[in-house]
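FYI, the numbering just counts along the sequence from 1. Being a predicted model, the structure only gives us computed values, none of them experimental.
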Amino acid sequence: MIAFVSGPVAALAPTTAVIEVGGVGMAVQCTPSTLAGLRIGEETRLATSLVVREDSLTLYGFADDDERQVFELLQTASGVGPRLAQAMLATHSPDALRIAVATGDEKALTAVSGIGKKGAQKLLLELKDRLGEPVGARIGRQGAGAAVTPAWRDQLHAALIGLGYATREADDAVAAVTPQAEAALAESGQAPVPQLLRAALQTLNRAR
């Protein structure tokens, strides 16, 4: 198993970072919040989990070992693969997920793209004794069941800067998707950063 990768950031994309390790570029699938903390050319260390399939090898990267552990524990629940586990961590921090499971917060899980009401109920039952207690580290981008904090703007802005866009471009893109974010907040109490990042990138591509 590849437990972590360490080296300079060679490239960034909306869902992937390329880390140069011993002269080899390792493509690592990451959440927007993890990508937001990376800068091209700067040294980084990402905890990783290698997912092996018959036709692929996919490396998932995390800001710390706790995120990686939760990513792997989530997949012990039936119906949860690596993509859904990553989506859960893109929406909630590890502690927020622990709190949601501990309190039976169905709404927090249905906020994750790909999880419906029945799926959330099933996951709450299966994960109840698996994730453990909150570790007390950052409760994260949101509390269980709450909207992504007002810092969604900062997260989105940082992600765009990390992808190489100028500050003014990032400002304009955040402003462009603000109505979409506010509509999502009004409807579900969530401002989904991954979807907003994709929408922001589309506005930037159209502007170029």
Side-chain angles (χ1 to χ4, degrees), residues 1-6 15-17 26-37 44-149 151-152 155 184 188-195 197:
M1 175 182 176
I2 302 175
F4 69 89
V5 294
S6 179
T15 60
T16 307
M26 305 285 285
V28 186
Q29 297 288 318
C30 303
T31 63
S33 60
T34 298
L35 291 169
T44 192
R45 181 184 186 279
L46 296 177
T48 56
S49 179
L50 180 63
V51 176
V52 180
R53 296 287 185 265
E54 290 184 3
D55 58 348
S56 67
L57 296 173
T58 306
L59 198 60
Y60 290 84
F62 310 92
D64 54 42
D65 291 333
D66 187 40
E67 280 194 356
R68 178 186 61 196
Q69 181 182 26
V70 170
F71 171 79
E72 293 172 349
L73 287 172
L74 289 172
Q75 293 177 72
T76 64
S78 59
V80 179
R83 291 186 182 278
L84 183 55
Q86 188 181 52
M88 294 171 76
L89 285 167
T91 306
H92 299 289
S93 71
D95 266 1
L97 283 171
R98 292 186 178 103
I99 292 170
V101 171
T103 59
D105 192 344
E106 183 181 307
K107 183 179 178 181
L109 295 188
T110 57
V112 179
S113 178
I115 299 180
K117 184 175 181 179
K118 289 184 178 179
Q121 293 171 343
K122 185 176 181 182
L123 285 172
L124 288 173
L125 288 174
E126 291 194 28
L127 294 172
K128 188 171 182 62
D129 300 318
R130 300 185 190 181
L131 297 186
E133 295 296 321
V135 297
R138 53 190 172 79
I139 292 301
R141 300 174 288 283
Q142 62 186 54
V148 173
T149 68
W152 70 263
Q155 294 173 20
S188 65
Q190 299 289 332
V193 175
Q195 291 90 324
L197 178 58

**Message:** Please evaluate residues Leu97 and Leu89 with respect to the criterion side-chain contact (heavy atoms from CB on, under 4.5 Å), reporting the C-alpha separation (whole Å), side-chain torsions for both, the decisive distance (0.1 Å), and the verdict.
**Reply:** CA-CA 8 Å; Leu97 283 171; Leu89 285 167; 3.9 Å; yes
**Asked** Distance from Asp95 atom CG to Asp66 atom CG, nearest 0.5 Å?
**Response** 6.5 Å
**Complete:** Separation between CG (Leu50) and CG (Leu57), nearest 0.5 Å, reads 5.5 Å
**Message:** Tell me if the CZ atom of Arg45 is crowded by more than 12 foreign heavy atoms within 6.0 Å.
**Reply:** yes
**Request:** Looking only at non-hydrogen atoms, find the nearest pair between Ser113 and Ala87 and report the distance.
**Result:** O-CB, 4.5 Å
**Asked** If you look only at pairs with a residue in residues 120-132, which of them pass as a salt bridge (Lys or Arg N to Asp or Glu O under 4.0 Å), with sequence neighbours excluded?
**Response** none
**Request:** Grab the two heavy atoms, one from Ala85 and one from Leu74, that are nearest each other, plus how far apart they are.
**Result:** O-CD1, 3.8 Å
**Asked** To the nearest 0.5 Å, what is the distance between CG (Leu35) and CD (Gln29)?
**Response** 9.0 Å
**Item:** Under 3.5 Å donor-acceptor, Arg98 side chain and Leu131 backbone
**Value:** yes
**Prompt:** Taking C-beta and beyond as the side chain, do Val80 and Leu127 meet within less than 4.5 Å on heavy atoms?
**Reply:** no
**Prompt:** Okay, side chain of Arg53, backbone of Thr58: is any donor-acceptor separation there less than 3.5 Å?
**Reply:** no
**Asked** If you look at every heavy atom in Thr34 and Ala63, which pair is closest and at what distance?
**Response** OG1-N, 3.8 Å
**Prompt:** Got a second to check how far Gln121's CD is from Thr110's OG1, nearest 0.5 Å?
**Reply:** 10.0 Å
**Prompt:** Could you give the distance from SG (Cys30) to CG (Leu59), rounded to the nearest 0.5 Å?
**Reply:** 8.5 Å
**Asked** Atom CD1 of Ile2 and atom CG of Leu46: how far apart are they, to the nearest 0.5 Å?
**Response** 12.5 Å
**Fill in**
Which of Glu72, Gln69, Arg68 passes side chain to side chain donor-acceptor pair (under 3.5 Å) with Ser49? Answer is Glu72
**Request:** If a pair satisfies ring pair (Phe, Tyr, Trp, His ring centres under 6.0 Å) and one of its residues is in residues 98-122, list it, with sequence neighbours excluded.
**Result:** none
**Message:** If you define the side chain from C-beta out and look only at heavy atoms, does anything of Met88 sit under 4.5 Å from Val70?
**Reply:** no
**Item:** Among Thr103, Asp105, Leu109, side-chain contact (heavy atoms from CB on, under 4.5 Å) partner for Leu124
**Value:** Leu109
**Minimum heavy-atom distance between Pro32 and Leu197, given as atom pair plus value** = CB-CD2, 4.3 Å
**Message:** Run the ring pair (Phe, Tyr, Trp, His ring centres under 6.0 Å) test against Phe71 and tell me which residues pass, sequence neighbours left out.
**Reply:** Tyr60, Phe62
**Prompt:** With a 4.5 Å heavy-atom cut-off, do Ser93 and Glu67 have their side chains touching?
**Reply:** no
**Asked** Any side-chain heavy atom of Leu84 sitting closer than 4.5 Å to one from Ile115?
**Response** yes
